[in-house]
Amino acid sequence: MNKILNYINGSYQEPITGEWLDNYNPSTGEVYSKISKSTSEDVENAYQAAKNAFPAWSNTTIEERSRILLKIADLIEANLDRLAQAEANDNGKPMSLAKAVDIPRASSNFRFFGNAITQFASEAHESVGLNTMNFTLRSPIGVVGCISPWNLPLYLFTWKVAPAIAAGNCVVAKPSEVTPMTAYLLGEILTEAGLPKGVLNIVHGTGPEAGQAIVAHPNIKAISFTGGTKTGEHIARTAAPMFKKLSLELGGKNPNLIFADCDYEKMLAVTVTSSFANQGQICLCGSRIYVEESISEKFKKDFVAKVSALKIGNPFDGDTTIGALVSKEHLEKVESYIEIAKNEGGKVLFGGERVLVKGFENGYYLQPTVIEVKDNNCRVQQEEVFGPVVTIMTFKTEEEALHLANDVKYGLSATVWTNNLNRTMRLSKQLEAGIVWINTWLNRDLRTPFGGMKDSGVGREGGFEALRFFTEPKNVCISYTDLPNNS
Ligand code: TXE
């Protein structure tokens, strides 16, 4: 059986304890590989490798760092089919999605930061009249930790490690133990691209063991984490006494506000995607739909018709739009929310049942589920389900829509469908979200800041924000004197 090994100091290594975790294929429900069950000892080895690599890597020219990142990007692209297949096997997502989104984006992450680092500059402030010049010296932090989740495995893993190494840091990284395969395969690519050994070390294992060892390591000075809000809170508590720099990208419960004056057909098509892409397992999914009352009956009918036409199937069928959920535990969690919603008065308009896929009977398949709710305070409106479940509520006025949208503890993204420019500006300013999409969804320009407000996290990633996070700014203040006047 395939073994998912740690990649430390440029080579694959077994975990020190010799212990392994089972890796499930969610589309079949079968164990298909073994994952290194690393402990703090493996993390320490990874840290030492990173520490030793840091002096040379942080002094490597920007051109050389950029060249290596671009080479990694090219190699990911060259391995598109292999990586997309691995992602679909590991995560349950349609291979077509992995091929169109996950793997190209992983390549773009390296390409983007390989280019961005050549343009990264610092501010200078001349104190005119005081003969003083200030400039901001930005240096890499040292050894940093990157911890990523299972929903977009290679996409989110590379979104962190690419800016970290571009900025001159060395990294100890851990992908989710639920979907470690593509991060494991990345090791081969790093070696082939000529990334010096120790610059990026990939350790596998559970969150409470390997992940915690990274966060608790006294000399790993910054942590970039994407995952659940509860885990983020725990990481913040662990890191706070050591004053570590933290970037936390956490959960979302994102509103999708649909006004009667929108471009209806575009809204309908995109809303199906924003509800169910990746089986609804994207922190940016618009899981709370609020629709203006005057079009609500038509919307419900048209939306359910489109959702019922989605094809649920094994990830490798070309026409599958909804694959398997990531794990049995997650499937059960999502199902429990459907029950909670029903018990709280929600009306299931479509879905809610498991699906048996022929030849894949033990896979974790669930119908896309649409639930009408009346009360914004019910649990399915307030808590992150992170699966193929959307709720629908109606509103009468813009004020009411805004209130409902903001009335949750999360603040990651919001989508608004309207052709009223004034409303667009009013809502963009007042919605409590790190990202507001108007008449679109998941439209990403990698130069933009990415992150959430409220319980959706702290800090921003993307573009120069990520390079700022992974560097330490220092103010250098130079006082100078004029030449003595000889006359
Ligand atoms: O995430 P975890 P889980 C949400 C979603 C989901 C819930 C739980 O609601 O149902 O989180 O998912 C590592 N110290 N999101 O349990 O546990 C872990 O090994 C250090 C939203 O899978 O947060 C993995 O690598 N690391 C999210 C990573 O953290 C720890 C995407 C994320 O796992 C750790 C995924 C610890 N103590 C789930 N405990 C999004 N925002 O995109 C765990 N980890």
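Any value given below was found using the heavy atoms of this structure, including those in side chains, with hydrogens, waters and symmetry copies removed. Read the numbers this way: they start at 1 and go in the same order the structure lists the ligands and their atoms.
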Next on the checklist: Quick one: does any side-chain atom of K253 pair with a main-chain N or O of E383 as donor and acceptor, under 3.5 Å?
Outcome noted: yes
Item to check | Closest protein heavy atom to atom 1 (O) of ligand 1, given as residue, atom name and distance to 0.1 Å | outcome: G228 N, 3.9 Å
Checklist entry - Are any side-chain N or O atoms of K93 and backbone N or O atoms of A98, one a donor and one an acceptor, separated by less than 3.5 Å? => result no
Next on the checklist: If the cut-off is 4.0 Å to any non-hydrogen atom of F225, which atoms of ligand 1 fall inside it?
Outcome noted: 23 (O), 28 (C), 29 (O), 32 (C)
Item to check | Any non-hydrogen protein atom less than 4.0 Å away from atom 10 (O) of ligand 1 | outcome: yes
Checklist entry - Going by heavy atoms, is H330 under 4.0 Å from ligand 1? => result yes
Item to check | 4.5 Å side-chain heavy-atom contact, W437 and R444 | outcome: yes
Item to check | Interfacing atoms of ligand 1 (cut-off 4.0 Å, heavy-atom, Q212) | outcome: 14 (N), 20 (C), 36 (C), 37 (N)
Next on the checklist: Residue-level breakdown please: for K333 versus ligand 1, do any non-hydrogen atoms fall below 4.0 Å on the side chain, on the backbone, on both, or on neither?
Outcome noted: side chain
Checklist entry - Any side-chain donor-acceptor pair under 3.5 Å between N6 and S38? => result yes
Item to check | N169 (side chain) donor-acceptor with A164 (main chain) under 3.5 angstrom | outcome: yes
Checklist entry - Mind checking whether E384 has an N or O less than 3.5 Å away from an N or O of ligand 1? => result yes
Checklist entry - Is the backbone N or O of N2 less than 3.5 Å from a side-chain atom of K34, with the two atoms forming a donor-acceptor pair by type? => result no
Checklist entry - Can we call the ring centroids of F110 and W159 under 6.0 Å apart? => result no
Item to check | Parallel, tilted or perpendicular: rings of Y184 and Y12 (30°, 60°) | outcome: tilted
Next on the checklist: Less than 4.0 Å is my threshold; does some heavy atom of V178 fall inside it relative to ligand 1?
Outcome noted: no
Item to check | Residue, atom name and distance, where the atom is the protein heavy atom closest to atom 40 (C) of ligand 1 | outcome: C283 CB, 3.6 Å
Next on the checklist: Suppose I only count heavy atoms of H234 and a 4.0 Å limit; which atoms of ligand 1 are within that range?
Outcome noted: 37 (N)
Checklist entry - Looking only at atom types and distance, does a side-chain atom of N256 sit under 3.5 Å from a main-chain N or O of V416, one as donor and one as acceptor? => result no
Checklist entry - Do the side chain of D407 and the main chain of H403 share a donor and acceptor less than 3.5 angstrom apart? => result no
Checklist outcome for this item: Restricting to heavy atoms, the pick from G207, G452, S148, P149 nearest atom 43 (C) of ligand 1 would be G207
Checklist entry - Among protein heavy atoms, which lies nearest atom 38 (C) of ligand 1, and at what distance? => result F386 CE2, 3.9 Å
Next on the checklist: Counting non-hydrogen protein atoms only, what is the nearest one to atom 19 (O) of ligand 1? Give residue, atom name and distance.
Outcome noted: E177 OE1, 2.6 Å
Item to check | Option set T226, I147, T231, criterion heavy-atom distance to atom 32 (C) of ligand 1, minimum | outcome: T226
Next on the checklist: Under a 3.5 Å threshold, yes or no: a donor from one side chain and an acceptor from the other, between N9 and N201?
Outcome noted: no
Checklist entry - Can you list the ligand 1 atoms lying under 4.0 Å from a non-hydrogen atom of K174? => result 18 (C), 19 (O), 25 (O)
Checklist entry - Has Q281 got any heavy atom lying under 4.0 angstrom from an atom of ligand 1? => result no
Next on the checklist: Please tell me if atom 16 (O) of ligand 1 is touched by the protein, where touching means a protein heavy-atom distance below 4.0 Å.
Outcome noted: no
Checklist entry - Does NZ or CZ of K328 fall inside the cone over Y24's six-membered ring, less than 6.0 Å from its centre and within 45° of the axis? => result no
Checklist entry - Out of G211, P175, C146, whose heavy atom is nearest to atom 26 (N) of ligand 1? => result G211
Checklist entry - Of the backbone atoms (N, CA, C, O) and the side-chain heavy atoms from C-beta on, which set of L250 has a member under 4.0 Å from an atom of ligand 1: side chain, backbone, both, or neither? => result backbone
Item to check | W150: numbered ligand 1 atoms lying under 4.0 Å from its heavy atoms | outcome: 3 (P), 12 (O), 22 (O)
